2 protein chains.
Amino acid sequence: MSTSTPAAPRKRLPLNREKVLGCALQLADESGIAALTIRSLAQSMGTKPMSLYYYVANKDEILDGIVDLVFGEIELPSPAGDWREEMHRRAHGMRSALKRHPWAVGLLESRSSPGAATLRHHDATLGTLRAAGLSVQLTAHAYALLDSYIYGFALQEAALPFDGRDTAAEITIPIVERFSTGEYPHMVEIAREHVLKPGYDFGDEFEFGLNLILDGLSRSIPTTGPDPERQQHSS
Amino acid sequence: MSTSTPAAPRKRLPLNREKVLGCALQLADESGIAALTIRSLAQSMGTKPMSLYYYVANKDEILDGIVDLVFGEIELPSPAGDWREEMHRRAHGMRSALKRHPWAVGLLESRSSPGAATLRHHDATLGTLRAAGLSVQLTAHAYALLDSYIYGFALQEAALPFDGRDTAAEITIPIVERFSTGEYPHMVEIAREHVLKPGYDFGDEFEFGLNLILDGLSRSIPTTGPDPERQQHSS
DNA sequence: CTCTCTTTAGTACAGCGTACGAATAGGTGG
DNA sequence: CCACCTATTCGTACGCTGTACTAAAGAGAG
């Protein structure tokens, strides 16, 4: 038996910064961000806690690093493509990255030094909007709006106690019964007539809001009128 | 001297659950959520750590409690009023509450048992949308969209290293100079021609996106056409 | 073999949440 | 007044955290 410890070492020597961050991301995905400790990370890598400090200055640097890895997973939008398609693709790419790594959303609030992948992502997005002819000001507006929506949606998804299609029932039914027609009638109504319908998946709500926002943005671009063919995407 | 400890006890006996949560919120506001420890909270209340556990089961319950206090600060929308005005007011109320208590945004991701004030807030919001004639489905869409935007905006605001009008310069200028016309040209452009303009405040971006979303929603309501007088609020 | 630089690791410390049980306070009946 | 009971407060201790400091091991060169 080469592995006597319960958590089998995942990678072997030699260590380096990339492996440390990669294992940290993997550990956060598997066991949650709270379980990502220096000691558990070292054990999962088959090394000792203090050895990691040769590659990272402190734990905060690890957290910065894995957030940047998440951004690195998102395909960059291209300034050559149609801005609306590019923004649509980017939004979905970002949401799915944050869905794969839900802990990243909570980390965003406390991170203040963005990594290279994060900066590249932001720059490519801004570049795509500018290339589409949006003014500097409108680009800033659009960017704040889109990112707010995406982050916020991911935050709500991460906070939901259920995840995926038709998984809401077992959590929702007892709650609905507890409050049935009592203090929170509208929540109960939404639960009964929307959330508990077969096939419900909160993730489906993303597309509605995204299209509504993209519709609104395309209407805000002075030269381009609202494309009648594309209009009312949402509904 | 009645106060010999460096951090003066804020409240006196007798203790109770409300005071514990109130002091916890105050401490989180003053010193950040990381500084809110059982020990520091006890000291700020002039008592000892273990005494708090008579009123709360564990620290998580404190965190749940102060998040609910934040929701309790938001004025409830009224189903009697104009839905658009009510949603506008609610959005601003929620954003300013989350701006007063930035740590609350990061907490949302990990909280799974909403308090009474939170439920009341959600129910009143849903009720206002339903009263305006939105279908159950459209209400769910609208709610997910609005909350995503508000949460996401608050998250970005909390993550920004500067806060308030004309405070961006001292942080932004050194960064811009470091990357001037280099790797991230579009970020530099936005910084120079938007962020560094006098009077800039990221918070101002909120209104643009909010109006764009409300415009889009009002267009999505079957009976109500897009109110031409109100249209293009954004820009 | 020795000197030097890179890399790994052991020990220790302060601070965290909190389990457990003891001490104290406050009110009531005798 | 005392005894008793319950409500409330708190002391101690345990296992966990991040990490400062120091030592040791490994690798390559002369």
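Chain letters run A, B, ... following the sequence lines, proteins first, then strands; residues in each count from 1. Just so it is clear, the structure is predicted and the values come from calculations on it, not from any experiment. Reckoned from all heavy atoms, side chains included, excluding hydrogens, waters and symmetry mates.
- In this structure, the side-chain contact (heavy atoms from CB on, under 4.5 Å) partners of B:A158, at least two apart in sequence or on a different chain, are A:E109, B:P102.
- A:Y55 has a side-chain polar atom (N or O) that falls below the 4.0 Å cut-off from OP1 or OP2 of C:dT8.
- For the pair B:Y54 and D:dT8, the criterion of a side-chain N or O lying under 4.0 Å from OP1 or OP2 is met.
- Scanning for ring-ring contact (aromatic ring centres under 6.0 Å, His included) contacts around A:Y151 gives an empty result, with sequence neighbours left out.
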Report summary line: Readout for nucleotides 16-28 of chain D: B = base within 4.0 Å of protein heavy atom, S = sugar-phosphate only, - = neither; 5' to 3' it is -BBBBB-------
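- A:A24 is linked by a side-chain contact (heavy atoms from CB on, under 4.5 Å) to A:L36, A:L41, A:I62, A:I66, counting only residues two or more places apart in sequence or in another chain.
- We find the NE2-CG distance between B:H88 and B:L146 to be 11.0 Å, quoted to the nearest 0.5 Å.
- Residues passing the side-chain hydrogen bond (donor to acceptor under 3.5 Å, both in side chains) test with A:H101 are A:D29, A:E73, sequence neighbours excluded.
- Evaluation of the salt bridge (charged side-chain N to carboxylate O under 4.0 Å, His left out) test over residues 166-191 of chain B, restricted to residues two or more places apart or in two chains, returns A:R130-B:E189.
- A:T118 is linked by a side-chain contact (heavy atoms from CB on, under 4.5 Å) to A:D68, A:F71, A:P114, A:H122, counting only residues two or more places apart in sequence or in another chain.
- Among residues at least two apart or in separate chains, salt bridge (charged side-chain N to carboxylate O under 4.0 Å, His left out) pairs with a member in residues 88-99 of chain B are B:E86-B:R89, B:R90-B:D147, B:R95-B:E157, B:K99-B:E157, B:K99-B:D163.
- Note: CG (B:N16) to C1' (D:dT9) measures 15 Å, nearest angstrom.
- Between A:Y53 and A:N58, the closest heavy-atom pair is CE2-CA, 3.9 Å.
- The CE atom of B:M45 sits 15 Å away from the C1' atom of D:dC10 (whole-angstrom rounding).
- Between its opening and closing five pairs, the helix from C:dC1-D:dG30 to C:dG30-D:dC1 changes axis direction by 30°, a value rounded to 10 degrees.
- When the side-chain contact (heavy atoms from CB on, under 4.5 Å) test is applied to A:P79, the partners found at least two apart in sequence or on another chain are A:T128, A:A131.
- The stretch residues 102-112 of chain A has no heavy atom under 4.0 Å from DNA chain D, so no residue of it qualifies as close.
- Put simply, A:T47 has no side-chain N or O that comes within less than 4.0 Å of OP1 or OP2 on C:dT8.
- The side chain to side chain donor-acceptor pair (under 3.5 Å) contacts involving residues 193-202 of chain B comprise B:H194-B:E205, where partners must be two or more places apart or lie in separate chains.
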